[in-house]
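See below for the structure under consideration.
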There are 2 protein chains.
Amino acid sequence: MARLAAAAKKAPSGHQVTPATPPWDVYSAACPTRLVLDRLADKWALLILGRLAGGPIRFNQLRRQIEGVSQKVLSQTLKRLERDGLLSRRVVPTVPVTVEYAITPLGRTLSDTVRALARWAEANIESVLAAQAAYDAAQTSRATT
Amino acid sequence: MARLAAAAKKAPSGHQVTPATPPWDVYSAACPTRLVLDRLADKWALLILGRLAGGPIRFNQLRRQIEGVSQKVLSQTLKRLERDGLLSRRVVPTVPVTVEYAITPLGRTLSDTVRALARWAEANIESVLAAQAAYDAAQTSRATT
DNA sequence: CTGTATCCAAAATGATACTG
DNA sequence: CAGTATCATTTTGGATACAG
């Protein structure tokens, strides 16, 4: 992942215009789809997208609502999502400026899919926890033996 | 995330049996669903799950097919997925032992959702790349000015 | 073949301080 | 309010060597 991430981060300067002729081999390292998947494979991104699907929201509101995210990471993540065209950033020139983040049409198509993921998690969390308990029990007994 | 991940990793000994009474507040740090989401927010996990959906496969086959993953990370990821009950591990006692990984029924229900994510990525990669290019162009010009 | 253990380099994060 | 910059720390990952 290191090399890929590095390449992606260098992008701000050189926009490598990938040929783009799907379908790609998702398992090949050079696959553009993997770049997208990498982006989505982010805890905060998923959470933020889900939250924004409910309507526009300001920076610190978001910060408070998504428990556990630091200012720095939230800022970084928002910037990446904006760059990807998944959300929009609008500066409201009030006295202490406020910034409103909103999901874009593109982002919304994605958030629907993400919600499906969240629904899966909710529906199956118990099964997963049970599986973990069973696995851990097996490990523990093996260690004891 | 650090604290949560650490807590999750300590689990092998103490299985905290979460009460489990949905729906939880996905945005709260203590939410079990977030534990699942964290797990899915992993590049390799998503890729592996997708690959396994196509049928059982051995360790080194997987390693070769999922380009860019190291032996160490693949091993770790497989172990976590197995613990979560998403895939099964079967040791075949051939002379140099071979190990076959297969998706479980639970894992399959998830892989369907993941596939939707992959489909989204394929369908929208061009939009994302375009958005990135536009964003970068705006940044560059702003810097030049 | 399928891993685990170790050591080392790289990357992500948190805390803090500071700007517009 | 909404960030950015910096620094110390933690976490993660790759490479290598080795074991069942």
Side-chain angles (χ1 to χ4, degrees), chain A residues 1-12 29 38-39 41-48 52 56-83 87-102 139 142-143, chain B residues 1-10 12 29 38-39 41-45 47-48 52 56-83 87-102 139 142-143:
Chain A
M1 186 189 117
R3 292 206 316 286
L4 272 178
K9 273 177 187 167
K10 279 206 306 189
D38 274 9
R39 215 60 54 90
D42 180 290
K43 178 189 179 181
W44 303 122
L46 256 40
L47 251 20
I48 291 172
L52 253 65
I57 189 172
R58 287 183 298 104
F59 186 85
N60 277 340
Q61 281 185 325
L62 200 52
R63 177 155 157 52
R64 277 186 297 269
Q65 293 192 15
I66 299 188
E67 198 174 308
V69 68
S70 72
Q71 186 178 38
K72 178 184 173 182
V73 171
L74 177 57
S75 176
Q76 291 174 341
T77 308
L78 285 171
K79 208 183 289 181
R80 267 184 309 154
L81 290 174
E82 187 195 358
R83 186 169 105 96
L87 58 81
S88 64
R89 178 177 178 278
R90 179 173 142 253
V91 179
V92 184
T94 51
V95 173
V97 326
T98 61
V99 179
E100 195 178 79
Y101 290 92
Q139 296 304 306
R142 200 164 303 162
Chain B
M1 185 189 116
R3 293 205 315 286
L4 272 179
K9 275 176 187 168
K10 279 206 304 190
D38 275 10
R39 215 60 53 91
D42 180 290
K43 179 188 178 181
W44 302 122
L47 250 22
I48 290 171
L52 253 65
I57 187 171
R58 287 184 298 102
F59 187 85
N60 276 341
Q61 280 184 326
L62 200 52
R63 176 155 157 54
R64 277 186 296 270
Q65 293 192 16
I66 298 187
E67 198 173 309
V69 68
S70 72
Q71 185 179 38
K72 179 184 175 182
V73 172
L74 178 58
S75 177
Q76 290 174 341
T77 308
L78 285 171
K79 208 183 288 182
R80 269 185 308 155
L81 291 174
E82 186 195 0
R83 186 170 106 97
L87 58 81
S88 64
R89 177 176 178 278
R90 180 174 141 252
V91 179
V92 184
T94 50
V95 174
V97 327
T98 60
V99 179
E100 194 178 81
Y101 289 92
Q139 295 304 308
R142 200 165 303 162

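Owing to the predicted nature of the structure, the values given are computational and were not obtained by experimental measurement. Letters A, B, ... are given to chains in the order of the sequence lines, protein chains preceding strands, and every chain is numbered from 1. Below, all heavy atoms of this structure are taken into account, side chains as well, without hydrogens, waters or symmetry copies.
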Side chain of B/Val99 only, heavy atoms from C-beta on: which candidate in C/dG3, D/dG3, D/dC1 is closest?
C/dG3

Any side-chain N or O of A/Arg58 less than 4.0 Å from the OP1 or OP2 oxygen of D/dC1?
no

Examine C/dG3: is either OP1 or OP2 under 4.0 Å from a nitrogen or oxygen in the side chain of B/Lys79? Give yes or no.
no

Do A/Val69 and A/Leu62 make a side-chain contact, defined as non-hydrogen atoms from C-beta onward lying under 4.5 Å apart?
no

Shortest non-hydrogen contact from B/Trp44 toward B/Val73:
CD1-CG1, 3.5 Å

Out of D/dA2, D/dA17, C/dA15, which nucleotide sits closest to the side chain of B/Gln71?
D/dA17

Between B/Asp38 (CG) and D/dT12 (C1'), how many Å, whole number?
15 Å

Please figure out whether A/Gln76 or B/Arg64 has its closest DNA chain C nucleotide nearer the 5' end.
B/Arg64

Just to be sure I understand the rule, does B/Arg63 reach a base, reach only the sugar-phosphate, or reach nothing, if contact means heavy atoms closer than 4.0 Å?
nothing

Euclidean distance, atom CG of residue A/Asn60 to atom C1' of D/dT4 [Å, nearest integer]:
14 Å

Mind calculating the distance between CZ (A/Arg80) and P (D/dG3) to the nearest angstrom?
15 Å

When you get a sec, tell me which of D/dA2, C/dG3, C/dA15 is the closest nucleotide to the side chain of A/Thr98?
D/dA2

To the nearest angstrom, how far is A/Gln139 atom CD from C/dG3 atom P?
13 Å

For A/Tyr101 and A/Leu87, work out which heavy atoms get closest and say how close.
CD2-CD1, 3.7 Å

To check you understand the geometry: which heavy-atom pair defines the closest contact between B/Arg39 and B/Arg80, and what is its length?
CD-NH1, 3.8 Å

Winner on side-chain proximity to B/Ser75, out of C/dA15, C/dT4, D/dG13, is C/dT4

Quick check for you: among D/dA15, C/dC1, C/dG14, whose closest atom lies nearest to any side-chain atom of A/Ser70?
C/dG14

OP1 or OP2 of C/dG3 less than 4.0 angstrom from a side-chain nitrogen or oxygen of B/Arg89, does that happen here?
yes

What is the separation between atom NZ on A/Lys72 and atom P on C/dC18, rounded to the nearest whole Å?
17 Å

Name the closest nucleotide to the B/Pro96 side chain, picking from D/dA2, D/dG13, C/dC1.
C/dC1

Atom-pair distance (CG on A/Asp42; P on C/dT13), nearest Å
7 Å

Starting from P on C/dA12, measure out to CG on A/Leu74 and report it in whole angstrom.
17 Å

Does the side chain of A/Arg64 come within less than 4.5 Å of A/Asn60's, by heavy atoms?
yes

B/Tyr101 side chain N/O closer than 4.0 Å to the phosphate oxygens (OP1, OP2) of C/dC1?
no

Tell me: CD of A/Gln65 to C1' of D/dC1, nearest whole Å?
16 Å

